[in-house]
Amino acid sequence: MMTANRLTVHILGQIGREQMSRTVTALGVLAVAVAPLQALAQVQAKETNPPAESVKRSRDLVIQQKLQDASRRLKSIDDAALTAAESSSSLKASNLLRQRASVAAELNSWIDAKTRLTIESICGPKDDSVDVERYKGTSPPKNFVDDHEKPVAQIQWHSNLLQRLGSGGDPGNVEDQRWCTGTMIDERHLLTAGHCFDIDGNGWTTPRKNGTPLSPAEMAPLMKLNFRYQRPPTGSSIRTAIAYPIVSLVEHRLGGLDYAIVETGKGDDGNYPSKLFGTTNVSSSAEVLKAASLLTVIQHPDGNPKMVATGKQHSVALPYLQYSDVDTRGGASGAGVLEQGGNLIAVHVLGGCKASGGSNSGVTASSIRAFSPTIQALP
């Protein structure tokens with residue numbers, strides 16, 4: 001069962017840290033209408049593999065509970081403030097005003113969460129992404145997805161961070177979290193998003209040692225790569241992921257671009273993941289980028305098993321490529337954006353879609369190549 005606390009962390013990780021830092025004045029009037037909690041069925045979902053729709057239902061329930069709880073606490077504080085005013089207790093009234101400001105800000109943040117999570121990064125009225133092995137489309141054809149999903153891996157924090165950190169270690173709230181997506185681009189290197197290795201942010205607290213946050217380079221080996229974490233063509237089971245270690249963070253946000261490259265270690269079979277799962281060609285050609293019409297993003301949205309979404313190029317405004325109709329969610333960060341020929345031409349980093357349209361964005365491979373020795377060394 002996914003617990004409310006883990007769901008709370010999951011939600012805060014998506015709404016944006018700036019939303020949680022928002023404050024309201026204690027003397028202001030906050031008018032909030034909180035709907036009664038609807039009767040929702042219990043959702044049974046394994047914490048290590050929650051189905052996307054189950055996560056959404058559970059998440060909505062948690063948000064509604066948080067809204068109701070904060071609303072009740074706000075009313076309780078207001079009632080106490082009235083009593084304090086009648087008894088002329090200025091010190092108590094002052095403390096209550098500070099409490100009210102804090103609870104009002106919390107309530108406001110959950111209202112923002114509810115608003116933002118109805119948008120997410122879904123382009124259009126519904127999410128059209130499909131499990132990679134259950135894809136039956138023709139544009140691109142099924143064999144395209146079959147060939148190109150293999151080098152795509154999920155980045156996940158290890159489950160024993162405290163043990164790995166040792167004395168003075170603090171794992172924060174990221175232990176065992178399914179984090180991002182990445183693509184093998186040569187024998188031992190995986191390309192992903194730079195913000196996957198940023199310190200804290202978006203409601204997450206990354207590991208620390210003796211109170212000091214670990215650097216991106218120190219955090220990287222605390223994560224692993226999951227290949228083949230996906231559903232088979234039929235049934236409700238999930239394939240057992242094949243894990244490989246991250247040895248080091250080779251490049252991170254060079255040139256101020258949101259990308260990262262990690263070096264992978266060998267698996268239990270004594271080989272690098274590329275031996276079993278292959279690699280994806282990276283193209284920094286301006287001609288290939290311009291001609292890209294049909295785009296494919298193979299990803300792990302919301303930390304779920306591997307899925308595929310397709311759509312059209314919207315525009316290019318370097319260093320970004322914008323694409324419409326390509327649905328993404330949290331966890332898709334770092335996924336490669338493939339053009340119709342199978343070349344990786346961008347790394348997905350930003351959501352910007354909503355029910356009425358819009359586009360998501362990736363940093364182009366051509367922009368990354370200008371600063372990346374690893375990309376420059378590719379054939």
Asks: Side chains of T181 and Q154: donor-acceptor distance under 3.5 Å anywhere?
Replies: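 Their side chains do not contain a donor-acceptor pair, so the 3.5 Å distance test is not met.
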
Asks: Please report the closest heavy-atom contact between S215 and I199, naming both atoms and the distance.
Replies: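 Heavy atoms only, the tightest pair is CA-CD1, 4.4 Å.
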
Asks: Give the intermediate values and the outcome of side chain to side chain donor-acceptor pair (under 3.5 Å) for residues Q99 and S102.
Replies: CA-CA 5 Å; Q99 291 178 37; S102 176; over 6 Å; no

Asks: Determine the minimum heavy-atom distance between A217 and P221, stating which atoms define it.
Replies: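 Closest heavy-atom pair between A217 and P221: O-CD, 3.2 Å.
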
Asks: Can you check whether L344 reaches N281 side chain to side chain, under 4.5 Å on heavy atoms?
Replies: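 Of all side-chain heavy-atom pairs linking N281 with L344, none is under 4.5 Å.
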
Asks: Under a 4.5 Å cut-off applied to non-hydrogen side-chain atoms, are L191 and Y259 in contact?
Replies: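 They are in side-chain contact.
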
Asks: How long is the gap from NE2 on H189 to CG on D186, to the nearest 0.5 Å?
Replies: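 It comes to 5.5 Å.
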
Asks: Answer yes if L225 and L161 sit in the same cluster of Ile, Leu, Val, Met, Phe, Trp and Tyr residues linked by side chain heavy atoms under 4.5 Å apart, and no otherwise.
Replies: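 The answer is yes; both residues are in one hydrophobic cluster.
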
Asks: I want to check something: taking the side chain as every heavy atom from C-beta on, are T264 and M184 in contact at a cut-off of under 4.5 Å?
Replies: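 In contact.
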
Asks: Taking atom OG of S361 and atom OH of Y320, what is their separation to the nearest 0.5 Å?
Replies: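 Going from OG on S361 over to OH on Y320, the span is 7.5 Å.
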
Asks: Starting from L289, can I reach L294 by hopping between I/L/V/M/F/W/Y residues whose side chains sit under 4.5 Å apart?
Replies: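 No, no single cluster joins them.
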
Asks: Is there a donor-acceptor contact under 3.5 Å linking the side chains of D198 and H252?
Replies: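 Side-chain D/A pair, D198 to H252: present.
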
Asks: Test of understanding: clusters of I, L, V, M, F, W, Y form through side-chain heavy atoms closer than 4.5 Å, transitively. Do V347 and L378 belong to the same one?
Replies: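 Yes.
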
Asks: Taking side chain to side chain donor-acceptor pair (under 3.5 Å) as the test, write out the residues that go with S333, two or more places apart.
Replies: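 Partners of S333 under the side chain to side chain donor-acceptor pair (under 3.5 Å) test: H195.
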
Asks: Which heavy-atom pair separates F144 from G341 by the least distance, and what is that distance?
Replies: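 Nearest pair, atom of F144 first, then G341: CE1-C, 4.2 Å.
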
Asks: Does Y272 have K266 sitting over its ring (NZ/CZ under 6.0 Å from centre, angle to axis within 45°)?
Replies: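 Yes - K266 lies over the ring of Y272, closer than 6.0 Å to its centre and within 45° of its axis.
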
Asks: Would you indicate whether N143, at its atom CG, is surrounded by more than 12 heavy atoms from other residues, nucleotides or ligands within a distance under 6.0 Å?
Replies: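 Yes - once you tally the heavy atoms of other residues, nucleotides and ligands closer than 6.0 Å, there are more than 12.
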
Asks: Only one of E149, E133, H300 passes side-chain hydrogen bond (donor to acceptor under 3.5 Å, both in side chains) with K306; say which it is.
Replies: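 Testing each of E149, E133, H300 against K306, the sole residue satisfying side-chain hydrogen bond (donor to acceptor under 3.5 Å, both in side chains) is E149.
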
Asks: When you compare the side chains of Q156 and D176, does any donor N or O come within less than 3.5 Å of an acceptor on the partner?
Replies: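 Looking only at side-chain atoms, D176 and Q156 do form a donor-acceptor pair, the distance falling under 3.5 Å.
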
Asks: Any side-chain heavy atom of V174 sitting closer than 4.5 Å to one from P207?
Replies: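 In short, these two side chains touch, coming nearer than 4.5 Å.
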
Asks: Give, for atom OG1 of T183 and atom NZ of K150, the distance between the pair rounded to the nearest 0.5 Å.
Replies: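 Spacing of OG1 (T183) from NZ (K150) equals 14.0 Å.
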
Asks: Check the angle between the aromatic planes of W179 and W157 and answer parallel, tilted or perpendicular using the 30° and 60° thresholds.
Replies: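 Perpendicular, since the angle between the ring planes exceeds 60°.
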
Asks: Without hydrogens or angle criteria, can the side chains of E187 and S274 be said to hold a donor-acceptor pair below 3.5 Å?
Replies: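 No, because no side-chain N or O of E187 sits under 3.5 Å from a partner of the opposite role on S274.
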
Asks: What are the two closest non-hydrogen atoms of T310 and S139, and how far apart are they?
Replies: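 Where T310 meets S139 most closely, the heavy atoms are OG1-O, 4.0 Å.
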
Asks: Is any side-chain heavy atom of L295 closer than 4.5 Å to a side-chain heavy atom of L338?
Replies: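 Not in contact.
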
Asks: So which heavy atom on V152 is nearest to which on I298, and how close?
Replies: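 What the structure gives for the nearest pair is CG1-O, 3.6 Å.
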
Asks: Without hydrogens or angle criteria, can the side chains of R239 and Q230 be said to hold a donor-acceptor pair below 3.5 Å?
Replies: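 No.
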
Asks: Heavy atoms only: give me the nearest L190-A153 pair and the separation to one decimal.
Replies: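 Minimum heavy-atom contact is CD1-CB, 4.1 Å.
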
Asks: Tell me whether V288 shares a hydrophobic cluster with Y323, the cluster being built from Ile, Leu, Val, Met, Phe, Trp, Tyr side chains joined at under 4.5 Å.
Replies: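 Yes, it is one cluster - the side chains of V288 and Y323 are joined through contacts under 4.5 Å.
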
Asks: Any side-chain heavy atom of I242 within less than 4.5 Å of one from Y229?
Replies: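 SC-SC contact between I242 and Y229 ruled out.
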
Asks: As a quick check of understanding, evaluate salt bridge (charged side-chain N to carboxylate O under 4.0 Å, His left out) for D200 and R208, giving each step before the final call.
Replies: CA-CA 10 Å; D200 295 341; R208 285 157 165 69; 2.7 Å; yes

Asks: Do S366 and T364 meet the criterion of a side-chain donor-acceptor pair at a distance under 3.5 Å?
Replies: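 Yes, a side-chain donor-acceptor pair sits under 3.5 Å.
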
Asks: Is there a side-chain contact between I246 and K224, using heavy atoms and a 4.5 Å cut-off?
Replies: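 No, every pair of side-chain atoms sits at 4.5 Å or beyond.
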
Asks: Is there a side-chain contact between L276 and N271 (heavy atoms, below 4.5 Å)?
Replies: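 L276 does not reach N271 side chain to side chain.
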
Asks: Nearest 0.5 Å, please: how far is CG in D78 from CZ in R73?
Replies: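 Separation between the atoms: 12.5 Å.
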
Asks: Side chain of D258, backbone of G194: donor and acceptor closer than 3.5 Å?
Replies: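 Yes; judged by distance alone, with no hydrogens or angles, the pair exists.
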
Asks: For K209, is the NZ atom crowded, meaning more than 12 foreign heavy atoms sit under 6.0 Å from it?
Replies: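 Correct, the count exceeds 12.
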
